[in-house]
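Chain naming here is simple, since letters A, B, ... match the order of the sequence lines and numbering starts at 1 in each. It should be emphasised that the depicted structure is a prediction, and the values quoted were computed from it without experimental measurement.
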Amino acid sequence: MYDKPIRVRIAPSPTGNCHVGTARTALYNYLFARKNGGKFILRIDDTDTKRNSIESEEGVLEGLRWVGLDWDEGPDVGGPYGPYRQSERLDLYHKYVQQLLDEGKAYECFCTPEELAAEREAQNARKEDPRYSGRCLHLTQEEKDAFRAEGRKAAIRLRVPDDKISFHDVIRGMVESDGALMGDFVIQKSDGIPLYNFATVIDDHVMEISHVIRAAEHISNTFPQVVIYRALGWELPEFAHLVLLLNPDKTKISKRKGAVYLGEFAAMGYLPEAMLNFNAFLGWNPGGEELQEILTKEELIELFSLERCTQSNAVFDPVKLDWMNGMWIRKLSASEVAERVLPFMQKAGMIGPVSEDQMLYLTKLISLIHERLPRLDAAPESLSYFYCDWSVDEVALDLFASKKQTPSDIVMLLKRTLDLLLQTEFAAEPMEAAMNQLCDDMQWKKGDFFMPLRVAFTNRKVSPPLFHTMELIGRARVIARMEMAIAALEK
RNA sequence: GGCCUCUUCGUCUAGUGGUCUAGGACGCUGCCCUCUCACGGCGGUAACAGGGGUUCGAAGCCCCUAGGGGCUACCA
């Protein structure tokens, strides 16, 4: 299918957190590699020494692992093309910078940031496009020495030929621009650190990356990168630029307009399976008339292809994520959900250290709310009345209010039900039979009959079906709560 | 501003010149199920950005316009 070995990479900067956009790009690289028997490589792009720190690398890796991705080569697992941090590959970049310098394809530039800014400003004032003038290109040795004597350090610029620049993109076809518009750009800062565009090209080539799959914001970076490939005489990899993720207002996805880090989604009770699944459909779909959207990682691998990636930006819709998360929760077994819900219950202070009995109980509770749980973090709230009691003063009297029944009607109902329960086996089925019978005998509508009972048992108007709920609340507490409700109503 | 790029229901999308009175999913909504809430089932709502071509025929090809987005650093 492909003539070269497939090698793809995700190259995040170590920012401490894993951004959804990073996760989505990583996912597509991963799916492509796994689908085609290639290698998926993780490389840390940490050449921005001002902003990055080695410690913040782990947060990114953690996020990627959380959604279920694993890589064949990377800073943590090693590999034959290492090291996998750009900050540890500086000698390599210097070697190629030197080569370009020796070949006259690059030159030293002693301009200060202030001088460059002034130049840009002047160009703007003249309504010209800001672009480096190339004034350091013809510096004599004496002039360079003079700058050095001043203490200036040189940045290195690449000479950009006035040619058309084009590359092939698997998703977008041929993309073309003109080198004449570009101006000689910096490939190495005066502190000796290479710029992103340069380091990326060197690494992608040296690591034998076959397909550069990355977000669309890099399309314009690709032009200078192509110039670098050509200067070095290297063949271009295949490119594939993925659509951008957008906020609901169509601006580029950002913090402030909602969650963007995987850690935040985890804390909100989203399942990694759902995040993965949802991300997969942001800019890709397997096609077909009746498309199946709930897919496992394995199914996605099977279905994935770069050719089916879409080409217009996609809004990250949290509402649809919620739906998909609910689907995934229902796909898991009750005990699996219980395990994942446990940390949320503990955080809410409802469960301390767990015993086997408690896990068993939690699992039973989960099976009651399983299909009512959109996110794991909703569990503590919807299970609170199983774990927490309340006093007479806290009985939610207003919830008993009804146009059809007076408080004394309700008290009567509670008393008769209480009598009945005292002589009924405390299990869902027998209670259901007995209480339905009572309802018929009293000739109340079912809704009118059961709602006050629900309020008495749970202190709320929404709960899972009553009989199993009662069974799990337990006989003593059900009875106590009924007596308490009666007392509160009679006050 | 310049360069690049994109444009089908509110959102994610199917669609590769006739099978499109444009299909699916989320959302919203009606009905059914039902002790509440959910789940589930069956319906409904809603789109080819606009204008010119090309063609017997255009959502799909070409051109223009408009709009969105990205980039425009000694950031990545």
Side-chain angles (χ1 to χ4, degrees), chain A residues 11-15 45-52 86 109 111-113 116-117 120 124 127-132 153-157 169 172 175-178 181-183 185-197 199-200 215-224 241 243-244 246 248 250-252 278 281-294 310-324 326-327 330 369-374 382 432 435-436 439 445-455 458 460-467 469:
Chain A
S13 339
T15 55
D45 279 11
D46 55 353
T47 54
D48 186 356
T49 46
K50 285 197 191 70
R51 288 193 298 185
N52 299 155
Q86 291 191 325
C109 171
C111 299
T112 62
L116 293 171
R120 262 196 300 275
N124 272 327
K127 304 240 189 242
E128 289 171 19
D129 300 331
R131 155 163 44 132
Y132 182 63
K153 293 242 192 333
I156 310 298
R157 287 184 184 270
D169 187 296
R172 294 153 203 273
V175 183
E176 196 181 87
S177 185
D178 197 336
L181 307 162
M182 200 178 289
F185 57 87
V186 172
I187 55 176
Q188 180 176 293
K189 293 182 263 184
S190 54
D191 63 3
I193 306 288
L195 248 75
Y196 164 78
N197 275 335
T200 295
E217 59 198 336
H218 289 292
I219 291 177
S220 41
N221 280 325
T222 310
F223 298 117
H241 289 99
V243 302
L244 257 17
L246 268 27
K250 302 260 191 184
T251 56
K252 188 178 159 188
F278 186 68
F281 277 84
L282 259 17
W284 171 88
N285 74 84
E289 293 279 294
E290 301 256 334
L291 94 140
Q292 170 61 39
E293 290 190 75
I294 304 300
T310 58
Q311 41 192 328
S312 58
N313 295 167
V315 172
F316 186 97
D317 178 9
V319 176
K320 187 156 185 177
L321 207 212
D322 281 352
W323 164 77
M324 193 170 270
M327 293 295 281
R330 276 167 250 137
I369 62 162
H370 201 160
E371 68 214 19
R372 291 160 241 269
L373 199 60
S382 53
E432 178 170 8
M435 287 165 72
N436 274 320
C439 179
K445 292 184 85 170
K446 286 201 163 197
D448 299 334
F449 182 88
F450 287 108
M451 186 51 81
L453 295 171
R454 168 172 285 107
V455 174
T458 68
R460 58 176 75 181
K461 295 187 89 161
V462 172
S463 85
L466 226 38
F467 309 109
T469 302

Check: Base, backbone or nothing for each nucleotide of nucleotides 7-13 of chain B, written B, S, -, heavy atoms under 4.0 angstrom, 5' to 3'?
Finding: S---SBS

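- In this structure, of B/rC3, B/rA76, B/rC71, it is B/rC3 that holds the atom nearest to the side chain of A/S177.
- Taking only side-chain nitrogens and oxygens, A/R131 never comes nearer than 4.0 Å to OP1 or OP2 of B/rU72.
- Taking atom NZ on A/K252 and atom P on B/rC6, their separation rounds to 18 Å, with Å as the unit.
- In this structure, A/T251 and A/M327 both approach RNA chain B, and ranking their closest nucleotides by distance from the 5' end singles out A/M327.
- One interatomic measurement links the two molecules: CZ of A/F223 to C1' of B/rG2, which rounds to 13 Å at whole-angstrom precision.
- A 3.5 Å limit on both hydrogen-bonding distances identifies B/rG70 as the Watson-Crick or G-U partner of B/rC3.
- Checking side-chain atoms of A/R172 against main-chain N and O of A/H241 turns up a donor-acceptor pair under 3.5 Å.
- Between A/L453 and A/L466 the shortest heavy-atom distance is CB-CD2, 4.2 Å.
- Under a 3.5 Å cut-off, the side chain of A/N285 and the backbone N or O of A/F281 do not form any donor-acceptor pair.
- For B/rC75, there is no paired base (Watson-Crick or G-U wobble, both distances below 3.5 Å).
- With rounding to the nearest 0.5 Å, the separation of CD in A/Q86 from OH in A/Y196 is 8.5 Å.
- At the phosphate of B/rG2, neither OP1 nor OP2 sits under 4.0 Å from any side-chain N or O atom of A/R120.
- Between A/N197 atom CG and B/rC71 atom P there is a gap of 12 Å when expressed in whole angstrom units.
- Remark: C1' of B/rC3 and CG of A/N221 are 13 Å apart, rounded to the nearest angstrom.
- Side-chain N or O atoms of A/D45 include none that pairs as donor or acceptor with a backbone N or O of A/S13 at under 3.5 Å.
- Closest of all the heavy-atom pairs between A/M182 and A/R131 is C-CD, 3.6 Å.
- Distance noted for atom P between B/rU11 and B/rG44: 22 Å (whole Å).
- With both ends at atom C1', the span from B/rG51 to B/rA66 equals 10 Å, rounded to whole Å.
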Next item on the list: Assign a letter to each nucleotide of nucleotides 28-38 of chain B from its 5' end: B, base within under 4.0 Å of a protein heavy atom; S, sugar-phosphate only; -, no contact.
Entry: -------BBBB

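- Between the CD atom of A/Q188 and the P atom of B/rC75 there is a distance of 12 Å, rounded to whole Å.
- The pairing partner recorded for B/rC20 is none, the criterion being a Watson-Crick or G-U wobble arrangement whose two distances lie under 3.5 angstrom.
- Separating the C1' atom of B/rA59 from that of B/rG23 is a span of 13 Å, rounded to the nearest Å.
- The CG-P distance, from A/D191 to B/rA73, rounds to 18 Å in whole Å.
- Here, B/rC42 and B/rA49 have their P atoms 31 Å apart, quoted to the whole Å.
- Listed for the A/T458 side chain is a donor-acceptor partner under 3.5 Å among the backbone atoms of A/R460.
- Look at the C1' atom in both B/rC74 and B/rU8: the space between them is 45 Å, to the nearest Å.
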